[in-house]
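Let me begin by presenting the structure, written as C-alpha cells, before commenting on it.
Ligands are counted one by one from 1 in listed order, and the atoms in each one are counted from 1 as well. Just so it is clear, the model here is predicted, and its values are computed rather than measured. This chain uses plain numbering: 1 for the first residue, then up along the sequence.
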Amino acid sequence: MDKLVIEGGTILKGEVTISGAKNAVLPIFAATLLTDDACIIKNVPNLRDTQTMIKILRSLGKEVILEKNTVTVTSTGKINFVADYKLVSTMRASFCVLGPLLAKLKRAKVSLPGGCVIGIRPVDLHLKGLKALNADISIESGYVVAKANRLKGRHIYLGGVFGSSVLATANVMMAATLAEGRTIIESAACEPEVIDLGEFLIKMGAKIKGVGTPLIEIEGVKHLHGASHQVIPDRIEAGTFMIAALITKGDILIKNLCYQHLGALIDKLLEAGAQISIVDHCSLRARFKRRLKPVNVTTLPYPGFPTDMQAQIMSLMAVTPGISVITEKIYPDRFMHVAELNRMGAYIQREGPHAIVEGVRLLSGAPVMASDLRASASLVLAGLVAKGITTVSRIYHLERGYENFEIKLQNLGAKLWREKE
Ligand code: EPZ
C-alpha cells in the first residue's frame with residue numbers, strides 16, 4: 001500500500017481542471033445494463049471506483065473498452081444476472097446494478113453491500129421501491145434475490161429517516177423505465193448526479209419528467225436503445241480544491257465545473273470571508289483575501305450542504321480562529337477524520353452528530369491514517385497547511401474518488417509525494 005508524504009506550508013496558486021463526477025458515472029454505467037445496444041460515456045474519471053464498476057459490468061456480460069476518459073459499453077451476448085460479493089463488497093455503489101438487471105433480465109442476484117466506516121448504509125429504501133414495482137425480493141446468504149415477470153409502475157414514497165436517498169432513487173428510476181405504466185417517485189433525491197443519470201436514461205429513450213425535483217414521473221417503455229453521454233464535472237472534487245486554495249491562503253482558478261452545483265458550499269465559504277468569483281459558466285476562482293471567520297455547517301440532502309464536503313470544511317475550520325459547529329445529518333457517524341485531525345493538533349470535540357471545532361493557529365504534521373474517501377481528502381488538506389511533515393497512509397481510499405489528486409496538487413505548488421507504506 002502507498003502513503004502520501006506532505007510537507008506543509010506552501011501556498012497553492014495556479015489552475016486545476018476538474019474531472020468527471022464519480023457519483024454520476026457509477027449509476028450511468030449501471031444504466032447501460034438496460035440495453036443491448038452500445039453506449040458511449042465521456043469524461044469518465046480514471047478511479048478505483050470506476051474500474052470496479054467496469055469489472056462488474058464485464059462480469060455481467062458487457063464488453064467495456066476504456067480509451068483515456070471515454071468508455072464504450074457493448075453486449076457480448078452472454079448474460080449473467082449475479083453481481084458477485086467480491087466486487088460489490090469493495091464498493092457499495094455497485095448495488096445500483098440491481099434495478100437495471102431486474103428490469104432487463106426480470107431477475108437479479110446482487111450481494112448486499114457491507115456497511116462502511118461512515119455508517120451502516122442500509123438499502124431498505126432500494127428494496128421498498130423495487131417491491132412496490134411488483135418485484136419479488138428475498139435475502140439469501142447475503143444476496144438480494146429479485147424476480148419480476150413484469151414490473152408495474154406505482155406511486156412510491158422513497159423518503160427515509162435521513163431524507164432522500166441518491167442511489168435508491170437511481171435504482172428505482174432505472175427499474176421503472178422498463179416497467180408497465182407510470183411510476184411516481186415521491187421524495188426523490190435531487191442531486192446533480194441523479195439529474196445526469198436521468199438525462200442519460202432519456203437519451204436512451206426513457207420517458208422521465210421531473211428529475212432533479214422531489215417528484216419524478218416515469219412512463220415505462222418496452223425497450224431502451226444505446227446512447228452517448230458526457231458526464232458532469234465532479235462538484236465534490238471542485239469543492240475540495242476550493243478548500244485547498246483557502247486553507248493554504250492561496251489562489252486557484254478551478255476549471256471545468258458547474259458552479260450551479262456548488263451553491264451551498266459557495267454560500268458557506270463567502271460567509272467565512274473567502275473570495276469566490278465566478279469566472280464563466282464553467283470556472284471559478286477561490287482566493288484567500290483575509291483571515292476567515294468560523295462558520296457553522298449542517299449537512300443536508302441536495303441542495304443543502306453536501307455531506308461529502310463535511311470533512312474538508314472541517315479541516316478548514318480547524319485552522320480558522322474561533323468556534324464552529326459542524327452537524328452531520330446524513331451520516332451521523334461520519335467523523336472518522338476528527339481523531340486524525342486532533343492528532344495533528346486540531347481541537348475538535350464530538351457531541352453526537354455535532355463536531356465542535358475550535359480553530360488553532362497552526363497544525364503540526366503527523367502520521368495519520370485515511371479511513372474513507374472524503375476523510376482522506378480532509379487529512380491531505382490539513383497536511384498542506386500543517387507545520388512539518390504529514391504522512392497519510394492507506395491512500396487507496398483517495399484513489400477511489402480523486403483522479404490524479406497528487407499531480408493536480410503538485411501542479412499547484414504543493415510539496416507532496418508518494419512512498420511505499
Ligand atoms: C450517495 O451514496 C453517494 N455515493 C455518497 O457519496 C453520498 O455521501 C450520499 O449519496 C449522500 O449524498 C454515490 O453516489 C456512489 P444515500 P448513497 O442513499 O446513495 C440512508 C462519496 O464520498 N439510507 O443518499 O448510498 C443512508 O444511510 C460517497 O462519494 C437509508 O436509510 O447515499 C444515509 O444516511 C460517500 N436507506 C442517507 O440515507 C436506504 O435504503 C443518504 O444515503 C438508503 C440510504
Check: Y402 ring centroid to F241 ring centroid under 6.0 Å: no
Can you tell me which residues line ligand 1 if we count any heavy atom under 4.0 angstrom from one of its atoms, in chain and number order? K22, N23, R92, A93, I118, R121, P122, V123, D124, L125, H126, F162, S164, S165, V166, L167, T307, D308, I330, Y331, R334, L373, R374
Pick one: which of M314, R350, H354 meets side-chain contact (heavy atoms from CB on, under 4.5 Å) with I326? M314
N171 and H126: side chain donor to acceptor below 3.5 Å: yes
Do the side chain of E237 and the main chain of S19 share a donor and acceptor less than 3.5 angstrom apart? yes
Using a distance-only test with no angle check, is there a side-chain donor-acceptor pair under 3.5 angstrom linking T74 and E63? yes
Go through the structure and list residues passing side-chain contact (heavy atoms from CB on, under 4.5 Å) with D49, not counting sequence neighbours. K22, L26, M91, R400
